[in-house]
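To keep things clear, I will list the structure first and then write my remarks on it.
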Amino acid sequence: MEEETRRVPLDRWCVLIEETVGSASYARWELTKIKSFGSRGDALTEAANLAKGYEPEHPPKGRSRRVFRTGDDLWTVQVRGAKEQTSHFRVLVAKPETA
């Protein structure tokens, strides 16, 4: 995913999704999506839509979700699966910077 970030021009806004991928002892927190937009407003609109509709890897077949706006540019989403397991993911709006 790091390579994708390098390709985004510095004047663009990005929507990032962080979530748990893998399973059991191979589960890890990872940046799984980067989408770029020309304006912060467009990125915020897409981030809000993803918080309400993105289907994370875990849990599969999410039955319900709770969306929390935890910052101006950040949503934390808890998803409950078919077997009552829960997981969460984050949706962020950010602007790339040089290292």
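The distance from the CG atom of Leu92 to the SG atom of Cys14 is 11.0 Å, given to the nearest 0.5 Å. Taking CH2 of Trp75 as the reference point, atom CG of Asn49 lies at 9.5 Å (rounded to 0.5 Å). With rounding to the nearest 0.5 Å, the separation of CD in Gln78 from OG in Ser87 is 9.0 Å. We find the NZ-CZ distance between Lys83 and Arg63 to be 12.0 Å, quoted to the nearest 0.5 Å. Rounded to the nearest 0.5 angstrom, Arg69 CZ and Thr76 OG1 are separated by 11.0 Å. To the nearest 0.5 Å, atom OG of residue Ser36 and atom CG of residue Leu16 are 10.5 Å apart.
For Tyr54, the ring pair (Phe, Tyr, Trp, His ring centres under 6.0 Å) partners two or more places apart in sequence, or in a different chain, are Phe89. Applying the salt bridge (Lys or Arg N to Asp or Glu O under 4.0 Å) criterion to Arg12, with sequence neighbours excluded, gives no partner residue. Residues satisfying the salt bridge (Lys or Arg N to Asp or Glu O under 4.0 Å) criterion with Arg40, sequence neighbours excluded, are Asp73. Every salt bridge (Lys or Arg N to Asp or Glu O under 4.0 Å) that Glu46 has, sequence neighbours left out, goes to Lys35.
Nearest heavy atom pair, residue Leu44 against residue Asp72, reads CD2-O, 3.7 Å. Contact between Ala43 and Trp13 at its shortest, heavy atoms only, is CB-CB, 3.9 Å. Taking all atoms of both residues into account, the shortest heavy-atom contact from Thr86 to Arg80 is CG2-NH1, 3.4 Å. Val93 approaches Ala47 most closely through the heavy-atom pair CG2-CB, 3.6 Å. Between Val79 and Pro56, the shortest heavy-atom distance links the atoms CG2-CG, 4.0 Å. Scanning both residues, Ala27 and Thr20, for their nearest heavy atoms gives CB-CG2, 4.0 Å.
Legend: salt bridge (charged side-chain N to carboxylate O under 4.0 Å, His left out) pairs involving residues 13-28, not counting sequence neighbours, sorted by first then second residue: Glu18-Arg90, Arg28-Glu30. Residue pairs meeting the ring-ring contact (aromatic ring centres under 6.0 Å, His included) criterion with at least one member in residues 18-45, sequence neighbours excluded, are Trp29-His88.
Residues Leu50 and Val67 share a hydrophobic cluster, clusters being chains of Ile/Leu/Val/Met/Phe/Trp/Tyr side chains in contact below 4.5 Å.
Shown here is Lys52, whose NZ atom has no more than 12 heavy atoms of other residues, nucleotides or ligands within 6.0 Å.
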